[in-house]
Amino acid sequence: MASIRRTLSPAYHHRSYQNGAGFSSPSHKFLPNGNSKHSSSRHLPLLFTAVNLVYRKGWRRSLCWCLFFFLIGFVFGITLFGNMDTDIRAKDFAFPELKPPHVDLRLDDQIVTSVSLGIHTRLQEPKEVDDLIGPPLKQLIVVTPTYNRGFQAYFLNRLGQVLRLVKPPLVWIVVEEKVASFETAEILRRTGVMYRHVVCTRSPSEPKDRGVHQRNAALEHIERHKVDGIVFFADDDNVYTVELFESLRTIRRFGTWPVAMLAPSKNKAILEGPVCNGSQVIGWHTNEKSKRLRRFHVDMSGFAFNSSILWDPKRWGRPYSNPIRQLDTVKEGFQETTFIEQVVEDESQMEGIIPGCSRIMNWHLHLDTSNLIYPKGWLLEKNLEITLAIK
């Protein structure tokens with residue numbers, strides 16, 4: 001029996017569906033009309049042909065339809081609904097500029113001068129702050145001659161503690177003879193006062209002239225270095241108040257005040273110094289007949305003067321420019337008046353410290369310590385009995 005083998009045709013065979021309609025072409029279901037106004041519909045038959053070639057591949061049929069629908073949607077989106085706006089500017093994607101809120105700080109108008117732990121804050125004008133500070137204080141130049149004796153450490157420590165209470169600026173010029181001792185330097189360092197340790201190399205012929213040469217060494221140091229301030233000769237064995245040192249800063253050229261002195265006989269007190277009408281010097285206190293020959297009755301610690309008189313004589317109209325020094329050729333007790341005569345001409349160039357010169361601010365005791373032996377330390381007995389408290 002002859003068998004006839006039917007060759008499978010690549011042509012598409014129509015199939016019948018439940019609604020009796022045959023599948024003719026996919027394009028009739030998705031295109032609105034064959035005569036579309038858009039130019040993209042001309043290329044659709046080529047897409048259909050390509051899809052039909054792979055449509056018969058079984059499992060690839062679903063993938064082909066998905067790709068077909070995607071292409072249809074992409075073409076319709078471009079051609080039917082206008083051109084795509086490609087003008088994308090960077091400003092469309094720029095982040096908004098973030099700025100901190102404006103704070104009005106007027107630091108030029110007001111400054112904070114004091115803060116008291118969150119309780120309140122006081123604001124003042126810079127001008128008011130300058131008024132509180134005030135003008136700078138004059139520098140005090142305190143000259144102290146010293147030498148090795150029994151109460152030297154006691155005298156220097158006592159004077160150093162007083163100077164420590166005085167407001168700066170202050171410089172303490174301590175003058176020793178021959179050599180600067182380690183003990184004196186250690187005392188000066190521990191006081192906390194700014195000091196200069198000067199050595200007088202000139203040996204005095206008599207012990208009474210020791211202080212004269214030491215003060216001259218300090219005057220030479222001030223003149224050579226042009227130290228500006230108020231010079232005051234403060235011997236280490238005198239007693240001073242802090243008020244005295246603060247009053248020295250009011251001196252313009254030369255100032256003086258009364259000093260309470262213990263007589264050499266130790267049986268009475270003597271007041272030596274100026275008699276004032278306000279700040280004007282009109283006379284002098286004196287009780288000793290031998291000192292009535294002096295022009296100015298002042299103790300060595302009873303006056304102070306401007307240091308520029310030493311190194312700037314033209315400023316004060318001095319008729320001569322010789323160095324101002326104390327003289328060791330005069331009798332004891334006349335060093336003060338001969339020195340003052342080189343600084344001022346008369347009482348009209350003096351200023352009385354503390355109006356009326358009615359207050360005593362330093363004392364001269366005239367303590368004789370030449371016969372005392374310098375102590376090496378405290379001597380304790382070895383057989384001290386120790387008593388323990390029994391509870």
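Just so you know, residue 1 is the first one in the sequence shown, and it goes up from there.
- No single ILVMFWY cluster, assembled from side-chain heavy atoms under 4.5 Å apart, contains both Val212 and Val143.
- Note on residues 172-204: no pairs pass ring pair (Phe, Tyr, Trp, His ring centres under 6.0 Å), not counting sequence neighbours.
- Residues Ile282 make up the rest of the hydrophobic cluster containing Val275, defined by ILVMFWY side-chain heavy atoms closer than 4.5 Å, directly or through other members.
- Under the 4.5 Å side-chain heavy-atom criterion for Ile, Leu, Val, Met, Phe, Trp and Tyr, Val171 and Leu310 are members of the same hydrophobic cluster.
- No donor-acceptor pair under 3.5 Å is formed between the side chain of Ser279 and the backbone N or O of Pro355.
- A salt bridge links Arg249 to Glu246: at least one charged side-chain nitrogen sits closer than 4.0 Å to a carboxylate oxygen.
- We find the CD1-CD distance between Ile187 and Gln152 to be 6.5 Å, quoted to the nearest 0.5 Å.
- For the side-chain contact (heavy atoms from CB on, under 4.5 Å) test with Glu176, the passing option among Thr146, Val198, Asn148 is Thr146; the others fail.
- Residues satisfying the salt bridge (Lys or Arg N to Asp or Glu O under 4.0 Å) test with Arg315, not counting sequence neighbours, are none.
- By the side-chain contact (heavy atoms from CB on, under 4.5 Å) test, Leu262 pairs with Lys266, sequence neighbours left out.
- Under a 4.0 Å N-O distance rule, the pair Glu223/Arg325 qualifies as a salt bridge.
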**Request:** Quick one: do Asp209 and Glu332 satisfy side chain to side chain contact (heavy atoms under 4.5 Å, CB included)? Show the steps, please.
**Result:** CA-CA 9 Å; Asp209 298 331; Glu332 185 178 1; over 6 Å; no
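- Note: the hydrophobic cluster containing Ile309 does not contain Ile230 (ILVMFWY, side chain heavy atoms under 4.5 Å, direct or indirect links).
- For the atom pair CG (Leu163) and CG (Leu170), the distance works out to 5.5 Å, reported to the nearest 0.5 Å.
- Under the disulfide bond (SG atoms under 2.5 Å apart) criterion, the residue pairs touching residues 219-282 are Cys276-Cys357, with sequence neighbours excluded.
- Residues Ile324 and Val343 come closest through the heavy atom pair CG2-CG2, 4.2 Å.
- Side chain of Arg158 to backbone of Asn238: a donor-acceptor contact under 3.5 angstrom is found.
- The heavy-atom pair separating Ser247 from Ile354 by the smallest distance is OG-CD1, 3.7 Å.
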**Asked** Where do Arg196 and Val227 land on the side chain to side chain contact (heavy atoms under 4.5 Å, CB included) test, with the steps shown first?
**Response** CA-CA 12 Å; Arg196 296 186 181 182; Val227 183; 3.6 Å; yes
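- Taking the side chain as every heavy atom from C-beta outward, Ile222 and Val231 approach each other to under 4.5 Å.
- Summarising the geometry, atom CG belonging to Leu156 is positioned 11.5 Å from atom CD belonging to Gln161; distances are rounded to the nearest 0.5 Å.
- Residues passing the salt bridge (Lys or Arg N to Asp or Glu O under 4.0 Å) test with Arg210, sequence neighbours excluded: Glu177.
- Under the 4.5 Å side-chain contact rule for hydrophobic residues, Met194 and Leu137 do not share a cluster.
- Phe233 has its side chain within reach of Leu219: a pair of non-hydrogen atoms, C-beta onward, lies under 4.5 Å apart.
- Side-chain atoms of Asp312 never come within 3.5 Å of backbone atoms of Ser308 as a donor-acceptor pair (strictly under, hydrogens ignored).
- Partners of Asp299 by salt bridge (Lys or Arg N to Asp or Glu O under 4.0 Å), not counting sequence neighbours: none found.
- A donor-acceptor pair under 3.5 Å is formed between the side chain of Thr241 and the backbone N or O of Met361.
- To the nearest 0.5 Å, atoms CG (Asp235) and OG (Ser301) are separated by 6.5 Å.
- In this structure, Leu159 and Phe155 have side chains that are not in contact, with every pair of non-hydrogen atoms separated by 4.5 Å or more.
- Side-chain atoms of Trp316 and Asn306, non-hydrogen and from C-beta on, do get closer than 4.5 Å to each other.
- Remark: Asp237 pairs with no residue by the side-chain hydrogen bond (donor to acceptor under 3.5 Å, both in side chains) rule, at least two apart or across chains.
- Nearest approach of Pro145 to Gln214, heavy atoms of both residues: CB-OE1, 2.8 Å.
- Under the 4.5 Å side-chain heavy-atom criterion for grouping Ile, Leu, Val, Met, Phe, Trp and Tyr, Val142 is connected to Val162 within one hydrophobic cluster.
- Contact annotation: the side chain of Arg252 approaches that of Glu351 to within less than 4.5 Å [non-hydrogen atoms, C-beta and beyond].
- No donor-acceptor pair under 3.5 Å is formed between the side chain of Thr144 and the backbone N or O of Asp236.
- Two residues are said to be in side-chain contact when any heavy atoms from C-beta on lie closer than 4.5 Å; Thr250 and Leu248 fail this criterion.
- At distances below 3.5 Å, not a single donor-acceptor pair connects side-chain atoms of Thr184 with backbone N or O atoms of Ser181.
- Side chains of Leu188 and Val174 form a contact here, defined as non-hydrogen atoms less than 4.5 Å apart.
- Looking only at distances, a side-chain donor or acceptor of Thr256 sits under 3.5 Å from a matching main-chain atom of Gly302.
- The shortest heavy-atom contact between Val281 and Gly352 is CG2-N, 4.2 Å.
- Residues satisfying the salt bridge (Lys or Arg N to Asp or Glu O under 4.0 Å) criterion with Glu341, sequence neighbours excluded, are absent altogether.
- When all heavy atoms are compared, the tightest approach of Asn362 to Pro258 is OD1-O, 4.0 Å.
- Evaluation of the side-chain hydrogen bond (donor to acceptor under 3.5 Å, both in side chains) rule for Arg224 yields no partner, not counting sequence neighbours.
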**Item:** Check against side chain to side chain contact (heavy atoms under 4.5 Å, CB included), Val344 and Arg253
**Value:** CA-CA 9 Å; Val344 296; Arg253 176 171 182 165; 4.1 Å; yes
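- Between Phe296 and Phe339, the distance separating the two ring centers is not shorter than 6.0 angstrom.
- Rounded to the nearest 0.5 angstrom, His213 NE2 and Asp328 CG are separated by 4.5 Å.
- No side-chain heavy atom of Glu220 sits less than 4.5 Å from a side-chain heavy atom of His225.
- Each ring pair (Phe, Tyr, Trp, His ring centres under 6.0 Å) pair with one or both residues in residues 235-266, not counting sequence neighbours, appears once here: Phe232-Tyr240, Phe232-Phe245, Phe232-Trp257, Tyr240-Phe245, Phe254-Phe303.
- Defined by atom type and a distance below 3.5 Å, a donor-acceptor pair is missing between the side-chain atoms of Glu272 and Trp284.
- Among residues at least two apart or in separate chains, there is no disulfide bond (SG atoms under 2.5 Å apart) pair with a member in residues 197-238.
- In this structure, the side chain of Lys138 engages the main chain of Ile251 through a donor-acceptor pair within 3.5 Å.
- Looking at Asn216, its side chain does come within 3.5 Å of a backbone N or O of Gln326 through a donor-acceptor pair.
- With salt bridges taken as basic N to acidic carboxylate O contacts below 4.0 Å, none links Glu336 and Arg295.
- Remark: Arg149 is positioned above the aromatic ring of Tyr147, its terminal NZ or CZ atom under 6.0 angstrom from the ring centre and at most 45 degrees off the axis.
- Separation of atoms CZ (Arg359) and CG (Leu244) is listed at 11.5 Å; rounding is to 0.5 Å.
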